[in-house]
Amino acid sequence: MGRVLIIGAGGVGTVVAHKVAQNSDIFTDIMIASRTRSKCDAIVEAIGNPAIQTAQVDADHVEELVALFNNFKPELVINVALPYQDLTIMEACLQAGVNYLDTANYEPLDEAHFEYSWQWAYHERFQEAGLTAILGCGFDPGVSGIFTAYAAKHYFDEIHYLDIVDCNAGDHHKAFATNFNPEINIREITQKGRYYENGKWVETGSLEIHQPVTYPHIGPKESYLLYHEELESLVKNYPTIKRARFWMTFGQEYLTHLRVIQNIGMARIDEIDYNGQKIVPIQFLKAVLPNPQDLGENYTGETSIGCRIRGIKDGKEHTYYVYNNCSHEAAYKETGMQGVSYTTGVPAMIGAMMYFKGLWKRPGVNNVEEFDPDPFMEQLNKQGLPWHEEFDKDLEL
């Protein structure tokens with residue numbers, strides 16, 4: 001029924017591969033491709049399914065991707081490579097006639113700038129080719145948009161206030177480590193904050209605005225306002241929204257390390273000369289920090305990610321909180337990866353499942369909230385990310 005090619009063999013790619021292999025009634029033929037084929041082979045060995053094929057590909061090069069696509073002939077590509085590679089993979093999909101899904105929006109290599117415009121510009125080409133592109137199908141972005149769509153469909157006539165809250169209360173027992181690609185993670189956190197209010201974007205200093213937020217089964221955690229890409233598509237698709245914000249928790253030790261990294265120039269993304277060689281400091285830092293893939297074994301605690309929404313139903317104001325808590329230990333036991341990789345990888349597989357079931361097929365470039373959320377929400381409960389609801393309670397924010 002489903003011939004799928006996964007590009008990327010990091011923590012998220014590992015989870016996607018495990019979950020795709022678990023759903024063999026949907027995904028009949030599977031290939032994992034990466035710049036380093038041995039990483040793909042290691043995932044296949046861990047899954048224990050020798051029928052999964054592997055390949056080497058440099059996702060920076062359209063011609064390599066097209067050759068691979070034409071050889072394997074997937075119906076859908078799941079892109080869990082680097083965000084820098086979104087456009088080359090989308091271009092290759094168009095040239096080879098393949099449908100597309102990713103978990104994070106494109107960003108240029110030389111600028112920490114997050115914007116959907118580059119990918120939305122492909123809409124007409126995908127539409128004319130009769131191909132579906134699904135953007136941002138991780139957790140946030142991804143499930144955060146689907147939670148919002150579910151709330152809009154079932155509980156609100158108008159959504160007025162949206163706060164996406166992301167807490168990682170886990171402990172990886174390292175002095176400093178990032179939960180996904182360090183380069184992407186640090187670029188995201190150190191940029192200026194931004195939120196949407198009354199029809200315009202308001203810019204803040206990096207991590208300037210913060211307050212304690214109480215998370216289910218975890219308790220109060222200091223939460224910091226930062227910009228996240230799904231805000232851009234959600235305010236576009238739900239024009240009644242008056243304010244939309246994104247919050248994430250960070251421990252003080254993490255923030256201290258981050259401040260030092262910035263102060264000594266190790267967060268720089270421009271090239272410097274070192275002994276006659278050109279290096280990018282943040283890429284060197286990535287090479288010496290712990291690999292996020294290796295954090296799972298000793299990771300304890302859980303994540304809690306959800307949407308806190310206030311709006312109108314039948315002329316009355318209501319609040320709604322929908323969230324998932326994910327155990328790092330449980331994620332590791334199932335896939336060998338920690339909870340942050342798990343919460344991104346499982347939704348990517350479910351989005352692919354929605355495509356192959358014919359439920360999320362629409363030629364053009366689409367964000368996840370543009371599709372019917374109900375079958376996706378049903379699969380979250382079945383695939384390891386159960387969600388919970390609270391009605392008409394204090395949202396704190």
Side-chain angles (χ1 to χ4, degrees), residues 10-12 81-86 103-118 136 138-141 144 163-170 172 174-196 201-213 221-232 244-272 274 278-292 295 303 305 338 340-341 344:
V12 176
L82 295 171
Y84 318 136
Q85 298 163 328
D86 287 0
T103 63
N105 74 352
Y106 171 76
E107 59 180 276
L109 187 61
D110 58 354
E111 183 185 5
H113 186 77
F114 309 89
E115 192 174 305
Y116 271 120
S117 61
W118 291 290
F139 207 107
D140 46 352
S144 54
D163 285 286
I164 300 167
V165 291
D166 183 327
C167 171
N168 180 11
H172 47 54
K174 303 282 186 185
F176 181 83
T178 61
N179 293 292
F180 55 96
N181 184 297
E183 185 178 352
I184 304 300
N185 194 193
I186 292 171
R187 282 166 59 118
E188 176 185 293
I189 294 165
T190 55
Q191 69 167 330
K192 289 184 179 296
R194 194 153 56 110
Y195 65 95
Y196 180 85
W201 292 98
V202 181
E203 190 174 273
T204 73
S206 174
L207 307 182
E208 174 188 2
I209 297 175
H210 55 94
Q211 69 175 78
V213 175
K221 292 284 183 182
E222 199 68 14
S223 303
Y224 296 78
L225 186 147
L226 53 107
Y227 178 68
H228 228 240
E229 64 227 60
E230 68 262 48
L231 297 180
E232 182 184 11
R245 301 178 296 189
F246 183 96
W247 305 81
M248 184 174 282
T249 62
F250 303 101
Q252 284 307 308
E253 188 174 3
Y254 181 95
L255 293 175
T256 299
H257 278 84
L258 189 65
R259 188 165 60 251
V260 171
I261 286 167
Q262 288 180 277
N263 288 345
I264 64 175
M266 288 304 295
R268 287 174 56 175
I269 62 175
D270 56 318
E271 286 187 342
I272 64 167
Y274 175 72
K278 296 288 186 183
I279 68 166
V280 177
I282 198 169
Q283 292 178 357
F284 174 79
L285 179 66
K286 173 186 172 183
V288 298
L289 286 176
N291 185 340
L295 297 176
T303 65
I305 312 173
Q338 36 89 351
V340 176
S341 295
T344 306

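The chain is numbered in sequence order, starting from 1.
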- prompt: What pair of heavy atoms forms the shortest contact from Cys167 to Lys221, and how long is it?
  reply: SG-CG, 4.0 Å
- prompt: Which of these passes side-chain contact (heavy atoms from CB on, under 4.5 Å) with Tyr195: Asp163, Leu226, Val202?
  reply: Val202
- prompt: Hey, what do you get for CZ (Arg245) to OG1 (Thr204), rounding to the nearest 0.5 Å?
  reply: 11.0 Å
statement: Separation between OG1 (Thr303) and CG (Asp140), nearest 0.5 Å, reads 9.0 Å
- request: Please report the closest heavy-atom contact between Ala267 and Ile186, naming both atoms and the distance.
  value: CB-CG2, 4.1 Å
field: Spatial distance of atom CG (Leu285) from atom CD1 (Ile261) [nearest 0.5 Å]
entry: 5.0 Å
task: Could you tell me whether the side chain of Asn105 reaches within less than 4.5 Å of the side chain of Tyr116, counting heavy atoms only?
output: yes
- line: Residues Pro281 and Ile272: closest non-hydrogen pair is CG-CD1, 4.0 Å
Test side chain to side chain contact (heavy atoms under 4.5 Å, CB included) applied to Ala104 - qualifying residues, sequence neighbours left out: Pro83, Glu229
- request: Test Val340 against Phe139 for side-chain contact (heavy atoms from CB on, under 4.5 Å), laying out the working first.
  value: CA-CA 9 Å; Val340 176; Phe139 207 107; over 6 Å; no
- prompt: What's the spacing between His257 NE2 and Lys174 NZ if we round to 0.5 Å?
  reply: 12.5 Å
task: Using ring pair (Phe, Tyr, Trp, His ring centres under 6.0 Å) as the criterion, list what pairs up with Tyr254, not counting sequence neighbours.
output: Phe176, Phe250
message: Tell me every residue that passes ring pair (Phe, Tyr, Trp, His ring centres under 6.0 Å) with Tyr84, counting only those two or more places apart in sequence or in another chain.
response: none
message: Tell me every residue that passes side chain to side chain contact (heavy atoms under 4.5 Å, CB included) with Val260, counting only those two or more places apart in sequence or in another chain.
response: Ile264
- request: Hey, could you give me the CG/CG distance between Leu225 and Leu207, rounded to the nearest 0.5 Å?
  value: 9.0 Å
- request: Applying side chain to side chain contact (heavy atoms under 4.5 Å, CB included), name anything that partners Gln252, two or more places apart in sequence or on another chain.
  value: Tyr224, Leu255
message: My understanding is that only residues two or more places apart in sequence, or in another chain, count here; which of them pass side chain to side chain contact (heavy atoms under 4.5 Å, CB included) with Glu115?
response: His113, Ser117, Trp118, Glu232
message: Among residues at least two apart in sequence or on other chains, which ones pass side chain to side chain donor-acceptor pair (under 3.5 Å) with Arg268?
response: Asp270
field: Listed partners of Ser223 passing side chain to side chain donor-acceptor pair (under 3.5 Å), at least two apart
entry: Tyr215
By side chain to side chain donor-acceptor pair (under 3.5 Å) - contacts of Glu222 (at least two apart): His210
- request: Mind checking the CE-CD spacing from Met266 to Gln283? Nearest 0.5 Å is all I need.
  value: 10.5 Å
message: Any non-hydrogen side-chain atom of Tyr227 less than 4.5 Å from a side-chain atom of Trp201?
response: yes
query: Looking only at heavy atoms, which two atoms of Pro290 and Leu295 are closest? And how far apart?
result: CB-CD2, 4.2 Å
task: Begin from the C-alpha positions of Leu231 and Tyr196 and carry the test side-chain contact (heavy atoms from CB on, under 4.5 Å) through to its verdict.
output: CA-CA 8 Å; Leu231 297 180; Tyr196 180 85; 5.8 Å; no
By side chain to side chain donor-acceptor pair (under 3.5 Å) - contacts of Glu230 (at least two apart): Ser144, His228
